[in-house]
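To keep things clear, I will list the structure first and then write my remarks on it.
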Amino acid sequence: MRKIVRLMKNWQFIGPEGNTTTVDLPHTWNAIDGQDGGNDYWRGTCVYRTRFAAPAFEEVSQQVWLQFEGVNASAKVVLNDTEVCVHDGGYSTFRANITTLLREENILTVEVDNRVNDHVYPQKADFTFYGGIYRDVSLLVVHKDHIALGHYGDTGVKVTPTLCKDHTADIRVETRLEGEGTVRVTLNDAEGNTVAAAEGKDVTMTLAHPHLWDGVKDPYLYTCVVELEQGGEVVDTVSTRVGVRSFRVDPKKGFFLNGRSYPLHGVSRHQDRKGLGNAISREMHDEDMTLIRELGANTIRLAHYQHDQYFYDLCDEYGMVVWAEIPYISEHLPNGRQNTIDQMEELIYQNYNHPCIVCWGVSNEITISTKDKADMLDNHHMLNDLCHKMDPTRLTTLACYAMCGPFNPVAHITDLVSWNLYLGWYVPGLFLNDLWLNFFHLVYPNRALGFSEYGAEGMPNLHSEHPRRGDHTEEYQAKYHEYMLRCFDRHPWMWSTHVWNMFDFAADARDQGGEPGMNHKGLVTFDRKTKKDSFYLYKAWWSDEAFVHICSKRFTDRTASEIEVKVYSNQKTVALFADGQKIAEQTGEHVFTFKVPLNGEVKLQAVAGECIDTASFRKVDTPNPGYKLVKTKSKSANWV
C-alpha cells in the first residue's frame, strides 16, 4: 500500500544574495520584500537542496515518486546529479518517478525561478508572485503496478456523477493505471456504508435516491474507494470524495442548484498572509474558511490561480460553490500559449472530482495590455474548447476588465461572463453600476452576467464623518458596499457576485492607504485579525447567525456635538442605549442609523434580541490627525 514521506525540514537555501541558510518548507524568499511596496521585490533563481535517506521499499515490486504541490513559478528538479523534471507553472502539483535514481543517501536540488519571462503566466497582475517551494514536498512509495501518478499530477481516478430524471444518479468512475491488475470500485455513504460497487477501469454505478450535495446547508459527500488487486491482494488504493448535484445558469433568473434557484453571493480569495506570503499552513486555510463561512458567503472565486488542494477540499466539505481559474491574466503573451494549455489541463485534471467547482475560469482582465488581439482571441477560443472537451459537465467563464466594453468579442466566448467593475471607487458615480447592469442586460438578455470583482479600499485606522471616494476610510468602504448590496438586490438575475476581496493581500506595485505594497480592498485585514465594518455589513445581508455590530468603533474621537451611529444586524429590531439609558429603537433590515448627542464621552450599547455590542465615543475639540490619509508623492495609487 502507499506510504508518504514528507520532505519539509532542513533544506539548504541559497538565496538572492548567494548566502546559504537552513529553512523549513513551506518557504518563499519574497515574504518581506514582496509586501513592502516599491514594485522591486526580488525575482530570479534560487536553489533549495536537501539530503534524505532512501525510504524503505522493495526494488523489485515498488516504486518511489517525488511529489511537489506548489513551486513558484518554474522548477528544475535534480536528484543525485540527474535532472528529474522541469515544470512551468507555480500553483499546481507535479510528480516524477525517481525509483532508479535513488541511492542509500540522496541529494535533492530544486532550482526555483520566478523571474520575468515571456512564456510562463502570470507576468503582470495586481498581486505578488512569490518565489519558492511554498507547498508540501513528499516521497510516495507505491506498488510498481498502481493507480496512475504520472498523469498531470492528478489522482488517477476520474468520477463523474450525473443526476437522472428518475431520482437516481449514475456514478461513472474512470481509473487510469500504470501497470496491471483488477480495479474494484466501492461507493460509501457519509456513514461508511457501501451503497454501490463495481469492477473495471471504466464503470458506471447507479445510486437510488442519492443524497445531494446541496450547497452550504447540506454539502453531503460520498467517498469513492478505488482498489487495484493482483491475485486477490490489494496493492494500491485511492479514495476521493463525491458530491452528487446538478446546476445550471439562466441569464434571466440566475444560478440554479439541484433544480432550485440558488443566488450566488460570495467573495474572491488570495491565499497569501502577512510576513509569510504564500507559504501558509493548513490551520491558516482553516481560518480563512471559518471567516468566509461566518460572513454567510455561498460561493468563492479562487483567484487568480490554482489554490491548494486542501482548500478545494474545504469548499467541498462546507458547500461553497467555486469558480476555479488559471493565471492567464492582464497581458496576453504570444509565447505563452502552451503554458495556458498546460496550466488549464492541470487545473481540470487535478480538480475534476471536486463537486464544489461549477466553472473553469479562462482568463482575467486579459485586455488590459494586450497588443496581439487576434492571437489573444484565438488563445481564448482554444482554451474554451479545451475546457469543454476535457469536462463537458461544467461551464466556462472569464473576468473582463472595467475598460473592456460589453461589445468586446472576448466577453462573448465563454458560457458565462463576469466583470471586474469598481464604479464608485476608481471612477465617481455609484449609480453607474445600475446603469451598466441594465444596459448589458438590455443588449444581451440571453447572456449570463455576473460581477467577478467589485470593491473599495478600506483602512481600519482611517475615518471620516463625511466619507468620500478615494479617502480610504473604513466608512467609505462600508458606504460603497451598502450601495452594491442594494444594487444586486435590484438585479436578481445576475449569475454570481464576488467581492474583491475577502482579505487584504500583497501587491508590491501599490502604494495607497498609507501602507505600501498592499491592496486594502479586503473585508478582513491581511493578518486576519481585524474584521472591517464592511465584513459585518455582508454578515447582516447573508448570514443566519444572529448578531449586532456598531460601526466605526475605531473612530473614537469626534468633533461634532451630535454624531450618526450606524449599526449592522440581521435582526429585525435594534435598540441603542447611551450610558445605560435607551435612546431609540428601530425596526428594519440590515442597516440601522441613530443620532446620538455627544458631550464628553458616551458608552453605547446596541441590543438586538439576545445580541449585544458596545462602543465608546468622545467629544474632542480638534480632529484626530491619525484618522486622515497623509498624501504622499507616490504615483503608485493603482498597480497599473
Side-chain angles (χ1 to χ4, degrees), residues 424-425 430 456-483 504 512-515 520 522-525 527 529-540 547-632:
W425 177 245
L430 282 162
E457 309 281 325
M459 297 291 291
N461 60 307
L462 301 179
H463 303 283
S464 174
E465 293 271 15
H466 306 287
R468 58 189 62 191
R469 185 180 71 88
D471 66 9
H472 295 263
T473 61
E474 191 171 18
E475 286 72 29
Y476 184 79
Q477 185 189 48
K479 178 181 177 180
Y480 170 94
H481 284 293
E482 286 176 23
Y483 184 94
D504 291 346
Q512 28 181 191
E515 185 184 11
H520 297 109
L523 305 180
V524 179
T525 53
D527 59 9
K529 294 187 186 306
T530 302
K531 300 168 185 172
K532 304 175 191 179
D533 286 342
S534 297
F535 175 95
Y536 293 99
L537 172 68
Y538 280 93
K539 188 173 179 178
F547 85 101
V548 65
H549 171 77
I550 300 174
C551 297
S552 298
K553 284 186 200 175
R554 289 171 277 270
F555 188 9
T556 305
D557 297 336
R558 306 293 188 99
T559 56
S561 299
E562 183 181 67
I563 62 172
E564 181 179 275
V565 175
K566 192 183 296 181
V567 177
Y568 294 150
S569 180
N570 53 8
Q571 302 302 289
K572 295 300 182 186
T573 302
V574 174
L576 192 69
F577 294 78
D579 295 327
Q581 299 297 312
K582 185 175 181 179
I583 59 172
E585 184 172 287
Q586 292 182 16
T587 299
E589 278 194 324
H590 313 312
V591 182
F592 303 82
T593 304
F594 301 88
K595 295 291 185 180
V596 177
L598 191 60
N599 182 18
E601 185 169 354
V602 63
K603 293 184 178 179
L604 300 181
Q605 187 178 61
V607 179
E610 297 182 359
C611 305
I612 298 174
D613 194 29
T614 60
S616 295
F617 302 100
R618 62 175 172 260
K619 178 87 161 53
V620 295
D621 294 330
T622 57
N624 186 330
Y627 295 155
K628 189 174 182 180
L629 178 65
V630 177
K631 298 290 185 181
T632 67

Minimal heavy-atom distance between Thr556 and Ser616, with the atoms involved, is CG2-O, 3.7 Å
Legend entry - Expected output: side-chain Gln477 to main-chain Ala456 donor-acceptor under 3.5 Å: yes
Check: Side chain of Ser569, backbone of Phe547: donor and acceptor closer than 3.5 Å?
Finding: yes
Can you tell me how far apart [atom1] ([X]) and [atom2] ([Y]) are? Round to the nearest 0.5 Å.
X	Y	atom1	atom2	answer
Thr473	Tyr480	OG1	OH	14.0 Å
Glu457	Asp504	CD	CG	8.0 Å
Phe555	Leu462	CZ	CG	11.0 Å
Lys531	Thr525	NZ	OG1	10.5 Å
Arg469	Tyr476	CZ	OH	7.0 Å
Arg618	Ile563	CZ	CD1	12.0 Å

* Is there a donor in the side chain of Glu475 and an acceptor in the side chain of Ser552, or the other way round, less than 3.5 Å apart? -> yes
If we count only N and O atoms by modelled type, under 3.5 Å, do the side chains of Tyr568 and Glu482 hold a donor and an acceptor together? yes
Any side-chain heavy-atom pair from [X] and [Y] closer than 4.5 angstrom?
X	Y	answer
Val596	Ile583	yes
Val620	Thr559	yes
Phe594	Gln586	yes

### Message
Between Lys572 and Glu589 (salt bridge meaning N to carboxylate O under 4.0 Å), is one present in this structure?
### Response
yes
- Query: Between Asp533 and Lys566, does at least one N-O distance fall below 4.0 Å, as a salt bridge requires?
  - Reply: no
What is the ring orientation for Trp425 with His472, classed by angle as parallel under 30°, tilted 30 to 60°, or perpendicular over 60°? perpendicular
How are the rings of His549 and Tyr536 set relative to one another: parallel (under 30°), tilted (30 to 60°) or perpendicular (over 60°)?
-> parallel
- Do other residues, nucleotides or ligands put more than 12 heavy atoms under 6.0 Å from Glu562 CD? yes
Point to revise | Over 12 non-hydrogen atoms of neighbours within 6.0 angstrom of NZ in Lys553 | key: yes
Exercise for the section: Under the side chain to side chain contact (heavy atoms under 4.5 Å, CB included) rule, what do Lys532 and Leu523 come out as? Steps first, then yes or no, please. Expected result: CA-CA 6 Å; Lys532 304 175 191 179; Leu523 305 180; 5.7 Å; no
Practice problem: Kindly indicate, with the supporting measurements, whether the criterion side chain to side chain contact (heavy atoms under 4.5 Å, CB included) is fulfilled by Arg554 and Thr530. | Solution: CA-CA 11 Å; Arg554 289 171 277 270; Thr530 302; 3.5 Å; yes
